[in-house]
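This report refers to the structure that appears directly beneath it.
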Amino acid sequence: MSRADTVVVLDFETTGLSPGMGDRAIEIGAVRIENGEVTGRFQELMNPGRRIDPFIEGYTGITNEMLVTADPCEVVMERFFDFMGSSNLVAHNASFDQRFLDAELARISQRRSGDFTCSMLLARRIFQDAPNHRLSCLVDYAGIPTDGTFHRALYDSEMTAKIWLRMLDTIGDRHGIFDAPFALMQKLCKTPKKSVHTFLAAYL
DNA sequence: TGCCAGGCCCTCTTTAGGGCCTT
């Protein structure tokens, strides 16, 4: 991703792990990055039309009382669709957020036009010596200041954006690639971990 | 504090199994 590229980093909080099993989104957070800077933010709770279970309340801090007054998913997703535009997208473990985004957009007869890239797959390649590649661990590993408010959508998307920018800086420092385009980051995701150094060295 | 699903990724692999990540 070139720093000149516009990318939207997003994160969903949901009722569970699988839209295919009937799970729904309950919150979406996102930050827009332009020229290496955050230029826009989006965060909204959304009412999935049913109660969420105690585990999700405890995990996210989002309660049923908070969702009662929230707009329905369909209304919020229309607003997010406008915010997202045609930007390329980034998420931590993107396959998860991609499934929910596509499922919720399908309910309002919309489709995204941007491509996804996964910050977790990239972190496994760029930060190979991190203890693990959970978002909270990577934030600690990278020395990024945090107040520990994980598992809320905007906070997690902000942290993912910081990790994303730190990985771009690392590629610049280690490999002299200071303007890595989005397409390169996508290819890097699919490069075997053992071949990452060779792959980036050959890019120059 | 967990389960569901699904893709990635490693290995005691490829005619497979299990851990990692996301809520």
Side-chain angles (χ1 to χ4, degrees), chain A residues 7-31 42-67 70 73 76-77 80 89-107 112 115-142 144 146 148-164 166-167 185-199:
Chain A
V7 171
V8 169
V9 184
L10 66 91
D11 181 69
F12 277 105
E13 304 306 318
T14 70
T15 63
L17 293 173
S18 174
M21 298 288 286
D23 286 316
R24 298 295 304 274
I26 59 173
E27 184 180 48
I28 184 166
V31 298
F42 186 100
Q43 181 177 38
E44 288 204 46
L45 293 169
M46 54 186 116
N47 189 334
R50 56 185 166 84
R51 293 181 64 80
I52 59 175
D53 67 39
F55 172 77
I56 295 298
E57 285 190 312
Y59 187 81
T60 64
I62 298 169
T63 65
N64 282 291
E65 289 67 29
M66 293 162 68
L67 295 177
C73 295
V76 173
M77 290 308 299
F80 181 73
L89 305 166
V90 172
H92 201 67
N93 196 11
S95 66
F96 174 86
D97 294 281
Q98 179 178 327
R99 283 196 297 276
F100 275 95
L101 178 63
D102 291 347
E104 292 294 346
L105 288 179
R107 289 174 176 269
R112 66 184 160 84
D115 286 332
F116 258 101
T117 296
C118 178
S119 58
M120 185 189 74
L121 296 182
L122 279 166
R124 283 177 176 170
R125 286 158 176 78
I126 296 170
F127 297 143
Q128 295 196 16
D129 55 347
N132 62 61
H133 297 89
R134 293 176 197 149
L135 181 60
S136 59
C137 179
L138 288 170
V139 166
D140 188 49
Y141 173 82
I144 293 169
T146 172
T149 315
F150 289 101
H151 307 307
R152 287 301 299 268
L154 180 59
Y155 191 85
D156 282 4
S157 60
E158 298 254 23
M159 292 299 109
T160 300
K162 290 177 185 294
I163 291 293
W164 183 259
R166 182 65 61 86
M167 290 193 290
M185 301 300 263
Q186 287 185 301
K187 288 180 182 175
L188 188 54
C189 275
K190 297 175 182 175
T191 301
K193 287 173 64 175
K194 292 179 180 176
S195 305
V196 164
H197 185 83
T198 304
F199 173 81

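Here is the naming used below: chain letters follow the sequence lines, and residue numbers restart at 1 for every chain.
- Atom pair A:F96:CZ and B:dC4:C1' shows a separation of 12 Å (rounding to whole Å applied).
- Between B:dC8 and B:dC12, the distance separating the two P atoms is 22 Å to the nearest Å.
- Residue A:D11 is in sugar-phosphate contact alone, with no base atom involved, counting any heavy-atom pair closer than 4.0 Å across all strands shown.
- Here the P atom of nucleotide B:dC20 and the CZ atom of A:R134 are 8 Å apart, to the nearest Å.
- The environment of A:R50 atom CZ is dense: over 12 non-hydrogen atoms of other residues, nucleotides or ligands sit within 6.0 angstrom.
- A straight line from NE2 of A:H133 to C1' of B:dC21 spans 11 Å, rounded to a whole angstrom.
- Where A:P131 and A:K193 meet DNA chain B, the nucleotide closest to each residue was compared, and A:K193 sits on the side nearer the 5' end.
- Nearest to the side chain of A:E13, among B:dC4, B:dC10, B:dT23, sits B:dT23.
- Using a 30° and 60° split on the angle between ring planes, A:F150 and A:Y155 fall in the perpendicular class, above 60°.
- Residue A:E27 contributes atom CD, which lies 16 Å from atom P of B:dT22 at whole-angstrom precision.
- Rounded to whole Å, the P atom of B:dT1 lies 32 Å from the corresponding atom of B:dG17.
- For A:H92, whose side chain is taken as the heavy atoms from C-beta onward, the closest listed nucleotide among B:dG7, B:dC21, B:dT23 is B:dC21.
- At the heavy-atom level, A:I26 lies nowhere under 4.0 Å from the strands shown.
- Comparing B:dC21, B:dT23, B:dG6 against the side chain of A:T60 picks out B:dT23 as the nearest.
- As rounded to whole Å, 11 Å separates atom P of B:dT22 from atom CG of A:L17.
- Nucleotides B:dT13 and B:dG18, compared at atom C1', are 12 Å apart to the nearest Å.
- Below 30°, between 30° and 60°, or above 60°: for A:F42 and A:F80 the angle between ring planes is above 60°, a perpendicular geometry.
- In this structure, A:T15 reaches neither bases nor backbone, as no heavy-atom distance under 4.0 Å exists between it and the strands shown.
- Judged by distance alone, the side chain of A:H92 and the main-chain N or O of A:H133 form a donor-acceptor pair under 3.5 Å.
- Atoms CZ (A:F12) and C1' (B:dT23) sit 12 Å apart, rounded to a whole Å.
- Comparing B:dA5, B:dC20, B:dT23 by their nearest atom to the side chain of A:T14 picks out B:dT23.
- Formation of a donor-acceptor pair under 3.5 Å by the A:D23 side chain with backbone atoms of A:L17 is found in this model.
- Closest contact between the side chain of A:R125 and the listed nucleotides B:dC9, B:dT23, B:dG6 involves B:dC9.
- When each of A:R124 and A:S18 is assigned the nucleotide of DNA chain B with its nearest heavy atom, A:S18 is the one assigned upstream, toward the 5' end.
- The side chain of A:D23 lies closest to B:dC4 when the candidates are B:dC4, B:dC9, B:dT23.
- Whole-Å rounding puts the A:I28 CD1 to B:dT23 P distance at 13 Å.
- The residue from A:V90, A:I163, A:T117 that alone fulfils the side chain to side chain contact (heavy atoms under 4.5 Å, CB included) condition with A:V9 is A:V90.
- Closest to the side chain of A:L135, from the set B:dC10, B:dC21, B:dT22, is B:dT22.
- Atom CG of A:L122 is separated from atom P of B:dC21 by 15 Å (rounded to the nearest Å).
- No contact: A:G20 has no heavy atom under 4.0 Å from any strand.
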